[in-house]
Amino acid sequence: MPLFQIVLIALGVSADAFAVALARGTKIRDGLSRRALVLAVAFGVFQAGMPLIGWLLGNSLLGFITTIDHWIAFGLLAGVGVHMVIESLPERRAARGAVTSADDEDDDESDIHLGSVLLLAFATSIDALAVGFGFAATDINIWLAIAVIGLTTFLFTLIGVWFGHRSGQRFGKPATAIGGLILIGIGTSILVEHLAA
């Protein structure tokens with residue numbers, strides 16, 4: 001898999017972390033740098049680790065799935081992408097906002113607790129597990145891929161917290177939708193390349 005596709009995948013899977021970082025940034029009142037760094041390290045490590053776990057699991061099953069590996073890669077990447085696009089739709093935001101807005105009003109996120117950081121890091125990296133499983137069906141340097149994904153997520157989280165602190169969270173959902181569309185495009189590209197060969 002070419003480096004530019006790895007970078008696009010990294011941008012796609014880091015969109016959830018960026019959106020969460022934006023939301024967290026709006027609630028951080030002091031200690032911005034330290035708190036942003038804690039979130040960025042946790043999100044980067046989880047986003048890098050989950051594709052590796054998925055890749056290892058996928059490789060253990062690869063002998064059984066070689067005839068349909070391109071369909072699996074397409075299905076996983078496109079499925080994650082569609083899910084991200086659906087989550088970014090205004091109707092979903094309104095429904096989720098109605099449930100959480102009352103809780104969020106009194107929520108002071110200036111103090112970031114390790115448990116909540118790890119939970120958020122895990123939750124935003126589940127999609128990366130599926131992407132890693134899809135990696136097993138492609139010709140990829142997994143170490144390069146997880147390094148790019150981890151670094152991209154680290155940087156996007158720092159930017160997200162800072163931007164959220166300064167500007168609010170209005171760009172989080174569009175970023176998630178764009179990330180989803182990127183993953184759908186890459187999955188389609190893998191399928192088309194394999195079918196054309």
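Predicted, not measured: the structure shown is a model, and the values here were computed from it.
- The side chain to side chain contact (heavy atoms under 4.5 Å, CB included) test applied to L144 returns L3, I6, N141, V148, not counting sequence neighbours.
- Atoms CG and CH2, on L32 and W162 in that order, are 9.5 Å from each other to the nearest 0.5 Å.
- Nearest heavy-atom pair, G150 versus A48, reported as atom, atom and distance to 0.1 Å: CA-CB, 3.8 Å.
- L129 meets the side chain to side chain contact (heavy atoms under 4.5 Å, CB included) test with M50, I53; sequence neighbours excluded.
- In terms of hydrophobic clustering, with Ile, Leu, Val, Met, Phe, Trp and Tyr side chains grouped at heavy-atom distances under 4.5 Å, I146 and L151 are assigned to different clusters.
- A search for ring-ring contact (aromatic ring centres under 6.0 Å, His included) contacts involving F46 returns nothing, not counting sequence neighbours.
- The minimum heavy-atom distance between F156 and F18, with the atom names listed, is O-CD1, 3.2 Å.
- Side chains of W55 and N59 form a contact here, defined as non-hydrogen atoms less than 4.5 Å apart.
- Between P51 and V131, the closest side-chain pair of non-hydrogen atoms is not below 4.5 Å.
- Under the rule for a side chain to side chain contact (heavy atoms under 4.5 Å, CB included), the partners of T153 that lie at least two apart in sequence or sit in another chain are S14, A17, F43, Q47, I149, T157.
- Linking Ile, Leu, Val, Met, Phe, Trp and Tyr whenever their side-chain heavy atoms come within less than 4.5 Å leaves V45 and V13 in two separate clusters.
- Note on L119 and L39: separate hydrophobic clusters, where clusters join Ile, Leu, Val, Met, Phe, Trp and Tyr whose side-chain heavy atoms are under 4.5 Å apart, directly or indirectly.
- Put simply, the side chain of V7 does not reach to within 4.5 Å of the side chain of T152, judged on heavy atoms.
- Closest approach of A42 to A121, counting heavy atoms only: O-CB, 3.7 Å.
- The side chain to side chain contact (heavy atoms under 4.5 Å, CB included) check on L158 picks up A36, A40, F154, with sequence neighbours excluded.
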